[in-house]
Amino acid sequence: MSEMKNSADLLLDVSGLNAWYGAAQILFDVALSVRRGEVVALMGRNGAGKSTTLKAIAALVDRREGVIRFMGEDISRKASHQIAQRGLGFVPEDRRIFTELTVLENLEVGRQKPRQWPDGTPVVRWTPESLFQLFPNLGEMPDRPGGAMSGGEQQMLTVARTLMGQPYLVLLDEPSEGVAPLIVEQMARSILELKRQGVGILLSEQNLPFAQVVADRAFILEKGQIVHQSTMQELASDAQVRRQYLGV
């Protein structure tokens, strides 16, 4: 269990997380934590288990074991829709937007009621108008069908739709993968703004420069196991660890 498990601002605390696809075990005793207003990068090579970790937390794998605490509640046996209703958002790498619906209609699909933090202060309330400020590209195409958007625009729409669920914490899977540099830059700005608003983010990412810009701490996965954890600054300055586990 994380050393910060008793902290009042702890949003997510994962320990002993194991996950399987069919008979194949993918994750082995993964442990990590995310606090309010913190961006944590989950890093590693292709196939290390980064996306599986996010899916296991969100109950989107065949089988999982371990303890997952979110906002102080054990959600280890909750279904994916129950987890989403509690304010844990998931942005999949494959986007899964509704291609026949417009940008505005996609956003409405994700709408949930406003939330409060345990101390009674309101969680930032996301509306289409505020999301268009966060993602100006989307604001220029509110009536465009999702299928007529570029990959980067679809990525922003997926994030925006998740934010319409008013999450306390977002699981963000490979947001910089396969999108134009300008979109990557806008995505980084949006993550920093979410952090400023107090939202926690667990980010699966291979792009070290991108992670350096947005993340506070980093965990590295290798063959489904956490092999390194440190501040992002410490990882960026540790050439041996970067070469060994990230190949950079």
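In what follows, every heavy atom counts, from backbone to side chain, and hydrogens, waters and symmetry copies are set aside.
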* Could you walk me through whether Thr102 and Asp143 pass the side-chain hydrogen bond (donor to acceptor under 3.5 Å, both in side chains) check? -> CA-CA 5 Å; Thr102 67; Asp143 299 317; 5.1 Å; no
Using a 3.5 Å distance criterion without hydrogens, assess whether the side chain of [X] forms a donor-acceptor pair with backbone atoms of [Y].
X	Y	result
Arg161	Val91	no
Tyr245	Gln240	no
Arg242	Ala236	yes
Gln166	Trp126	yes
Gln154	Gly146	yes
Arg64	Leu17	no
Ser15	Ala31	no
Lys50	Leu221	no
Asn18	Gly16	yes
Arg217	Ser33	yes

Are [Y] and [X] connected in a single hydrophobic cluster, I mean Ile/Leu/Val/Met/Phe/Trp/Tyr linked by side-chain heavy atoms less than 4.5 Å apart?
X	Y	answer
Val227	Phe28	no
Leu104	Leu134	yes
Leu202	Val124	yes
Leu101	Leu163	no
Val40	Leu192	yes

Minimum heavy-atom distance between [X] and [Y], given as atom pair plus value:
X	Y	answer
Val30	Gly224	CG2-O, 3.6 Å
Ala41	Ala211	CB-CB, 4.2 Å
Glu205	Pro175	OE1-CD, 3.3 Å
Met149	Pro145	CG-O, 3.5 Å
Pro114	Arg125	CG-NE, 3.5 Å
Ala188	Val213	CB-CG1, 4.3 Å

* To do: State, without any angle test, whether Glu174 and Ser51 hold a side-chain donor-acceptor pair at a distance under 3.5 Å.
  =>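 Looking only at side-chain atoms, Ser51 and Glu174 do not form any donor-acceptor pair under 3.5 Å.
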Does any non-hydrogen side-chain atom of [Y] lie less than 4.5 Å from one of [X]?
X	Y	result
Arg45	Glu222	yes
Phe90	Thr162	no
Val241	Leu246	no
Leu172	Ile191	yes
Met141	Glu153	yes
Asp29	Ile226	no
Asn137	Leu182	no
Pro128	Arg111	yes

* Assess whether side chain to side chain contact (heavy atoms under 4.5 Å, CB included) is satisfied between Trp117 and Arg36, documenting all intermediate values. => CA-CA 10 Å; Trp117 294 105; Arg36 181 171 168 176; 3.2 Å; yes
* Asked: Below 4.0 angstrom, N of the basic side chain to O of the carboxylate: do Lys195 and Asp216 qualify?
  ->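 Salt bridge present between Lys195 and Asp216.
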* Arg189 and Glu193 ion-paired at < 4.0 Å ->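 Salt bridge flag = no for Glu193 with Arg189.
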* **Over 12 foreign heavy atoms within 6.0 Å of CD, Gln233** =>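 Atom CD in Gln233 is not crowded, with 12 or fewer foreign heavy atoms closer than 6.0 Å.
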* To do: Carefully, step by step, assess Ile83 and Arg86 under the rule side chain to side chain contact (heavy atoms under 4.5 Å, CB included).
  => CA-CA 5 Å; Ile83 292 171; Arg86 282 160 171 76; 5.7 Å; no
* To do: Please report the C-alpha distance between Met43 and Met232 in whole Å, then the side-chain angles of each, then the deciding distance to 0.1 Å, and finally whether the side chain to side chain contact (heavy atoms under 4.5 Å, CB included) criterion is met.
  => CA-CA 11 Å; Met43 308 197 70; Met232 195 70 235; 4.0 Å; yes
* To do: Decide yes or no on side chain to side chain contact (heavy atoms under 4.5 Å, CB included) for Met187 and Ser176, but give the supporting numbers first.
  => CA-CA 8 Å; Met187 192 69 68; Ser176 72; over 6 Å; no
* Look up atom CG in Leu131 and atom CE in Met164, then write down how far apart they are to the nearest 0.5 Å. =>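 Reported to 0.5 Å precision, the distance equals 6.5 Å.
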